[in-house]
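Working notes, beginning with the structure itself.
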Amino acid sequence: VPVLRERMQLNGYLDAAQPAPTDANRYDDALADAVRRFQTRSALEHDGVVGGQTLKQINMTPMERLEQIRLGLERLRWLPEQHDSAYLIVNVPSFRLYGYAAGAPELTKPDISMDVIVGQAIDTHNTPVFHADMQFVVFHPYWNVPYSIAHKELLPLIEKTDNYLAKNDMEIVAHDGISVGLDATQANINAVDSGQFRLRQRPGAKNALGPIKFVFPNMNSVYLHGTPKQHLFQRTRRDLSHGCIRLADPAGLAEFVLKNASGWDRPRIESAIQGDKSFTVRLSISIPVYIFYTTVLADEQGQVLFYPDIYGQDAG
């Protein structure tokens, strides 16, 4: 505790003039508040508990922080200098999406921003860094379950759970999109496992993609979409998906990307969400999407914020 108090004072989170408690080993309220301020600036759960992640961040040296800043500045150079139309940036470590009507990317002053959920910190689930152009917005999308998820996660559940397909609004379909039905016969399960058939989840309240999907064709098969699990946005660390990016406010993003589309105001978007028809809107002007990775940014007040290096890219 005395070492922690000294570290918080040296880094400006605790007033050095404030007297320490009589018992130097006492973790008092003032020190706990200092730790919470540190956790907030480091994008950690600000609970005042010095757990493993907090301790790791506290123990980073000034030279390590300088290297983190250097890497962040270098990565910022990868973003476009100017855009004449709208564009989107998702920063993976901060779990945030930023949208701009036009101009230079100033991350502290977006026209729209929201929390997101990104891919788990597992090699096969990491959300990759890339650029692609958004071309479509799909309302009430079907979820065509990727083979890897079907094989590793869903087929075992289907085999041991009665009526799993019906309970989760799922069906087995042929590759031409024609439904084979809901019968989880061993023959159908084997056909899905062999790649002859596939799993699909119908639009609705249980659909894993939520009410809207935003499509920017790319070789990574990553896209932006909603989610029925809105409670997950209460977490500070949100690397929870298989690689795609889940949105806290898909209706808000739809309003942003469709603002130049005739007739697509917020009331019409809300009406489309309340409906049950699956349909696609093609954007007249594609919107660049940049999936970005930096563990350090500055806020509007100029305070530097540090984020956990969830994929270990700084270490590499």
Side-chain angles (χ1 to χ4, degrees), residues 85-90 95-101 110-118 132-146 149 154 163-173 177-179 181-182 198-217 221-235 238 240-287 289:
S85 60
Y87 59 100
L88 299 170
I89 297 172
V90 175
F95 311 109
R96 292 288 290 179
L97 174 145
Y98 310 89
Y100 303 86
D111 294 291
I112 183 175
S113 65
M114 69 184 68
D115 289 339
V116 300
I117 291 169
V118 301
D133 293 331
M134 184 183 296
Q135 299 176 12
F136 308 99
V137 178
V138 183
F139 287 86
H140 299 288
Y142 283 88
W143 180 38
N144 292 299
V145 181
I149 297 177
L154 297 187
N163 299 318
Y164 181 90
L165 293 175
K167 290 176 181 177
N168 292 278
D169 292 339
M170 303 192 82
E171 59 188 354
I172 297 173
V173 297
I178 303 300
S179 175
L182 299 175
R198 54 187 171 85
L199 290 178
R200 182 172 72 181
Q201 189 176 38
R202 295 187 298 275
K206 297 178 182 179
N207 189 280
L209 306 184
I212 312 176
K213 178 174 74 169
F214 301 84
V215 182
F216 39 103
S221 297
V222 167
Y223 41 84
L224 302 168
H225 63 80
T227 175
K229 298 180 179 179
Q230 287 289 311
H231 64 279
L232 295 178
F233 289 102
Q234 297 174 12
R235 300 189 185 184
R238 295 186 298 276
L240 304 167
S241 80
H242 288 85
C244 284
I245 299 161
R246 306 176 195 172
L247 303 164
D249 183 15
L253 184 59
E255 182 179 16
F256 177 79
V257 303
L258 292 173
K259 66 181 178 181
N260 293 322
S262 178
W264 280 102
D265 55 12
R266 186 61 180 246
R268 186 178 178 186
I269 291 169
E270 296 289 353
S271 177
I273 290 173
Q274 294 303 316
D276 57 7
K277 180 183 178 183
S278 179
F279 64 95
T280 298
V281 179
R282 185 180 184 96
L283 301 180
S284 58
I285 301 175
S286 61
I287 296 177
V289 179

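Every heavy atom of this structure was used, including side-chain atoms; hydrogens, water molecules and symmetry mates were not. Computed from a predicted model, the values in this text were never measured in an experiment.
- Side-chain atoms of His140 do not come within 3.5 Å of backbone N or O of Gly204 as any donor-acceptor pair.
- Minimum heavy-atom separation, His225 to Cys244: NE2-CB, 3.7 Å.
- Using a 4.5 Å heavy-atom cutoff, the side chains of Met134 and Leu224 are in contact.
- Under a 4.0 Å N-O distance rule, the pair Lys259/Glu255 does not qualify as a salt bridge.
- A distance of 8.5 Å separates CG of Leu199 from CH2 of Trp143, quoted to the nearest 0.5 Å.
- We find the CD1-CH2 distance between Ile269 and Trp264 to be 7.0 Å, quoted to the nearest 0.5 Å.
- Under the 3.5 Å distance criterion, the side-chain polar atoms of Asn168 are left unmatched by any main-chain donor or acceptor of Met170.
- Glu270 places no side-chain N or O within 3.5 Å of a backbone atom of Ala251 that could act as its donor or acceptor partner.
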Report task. Apply side chain to side chain contact (heavy atoms under 4.5 Å, CB included) to Leu88 and Leu253, showing your working. Result -> CA-CA 10 Å; Leu88 299 170; Leu253 184 59; 3.8 Å; yes
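- Under the 3.5 Å distance criterion, the side-chain polar atoms of Asp169 are left unmatched by any main-chain donor or acceptor of Gln201.
- A side-chain contact (heavy atoms from CB on, under 4.5 Å) with Phe233 is found for exactly one of Asp115, Leu247, Asp249, namely Asp115.
- The minimum heavy-atom distance linking Pro141 with Gly210 is given by the pair CD-O, 3.6 Å.
- Note: Ser286 OG to Phe136 CZ = 10.5 Å, rounded to the nearest 0.5 Å.
- When all heavy atoms of Pro228 and Ala208 are compared, the pair lying nearest together is CD-O, 3.8 Å.
- Side-chain atoms of Thr280 never come within 3.5 Å of backbone atoms of Val138 as a donor-acceptor pair (strictly under, hydrogens ignored).
- Between atom CZ of residue Phe256 and atom OH of residue Tyr100 there is a gap of 9.5 Å, rounded to the nearest 0.5 Å.
- At least one side-chain heavy atom of Tyr142 sits less than 4.5 Å from a side-chain heavy atom of Pro203.
- Here CD1 of Ile172 is found 12.0 Å from CZ of Arg200. Values are rounded to the nearest 0.5 Å.
- Here the side chain of Ser241 pairs a donor or acceptor atom with the backbone of Val118 at under 3.5 angstrom.
- Shown here is Lys206, whose NZ atom has more than 12 heavy atoms of other residues, nucleotides or ligands within 6.0 Å.
- Heavy-atom minimum distance, Pro250 versus Ile212: O-CD1, 3.8 Å.
- Counting only distance, with no hydrogens or angles, the side chain of Arg238 and the backbone of Leu232 share no donor-acceptor pair below 3.5 Å.
- One finds the CG atom of Asp133 at 12.0 Å from the CD1 atom of Ile285 (value rounded to the nearest 0.5 Å).
- Side-chain contact between Leu283 and Gln135 is absent, with no heavy atoms from C-beta onward closer than 4.5 Å.
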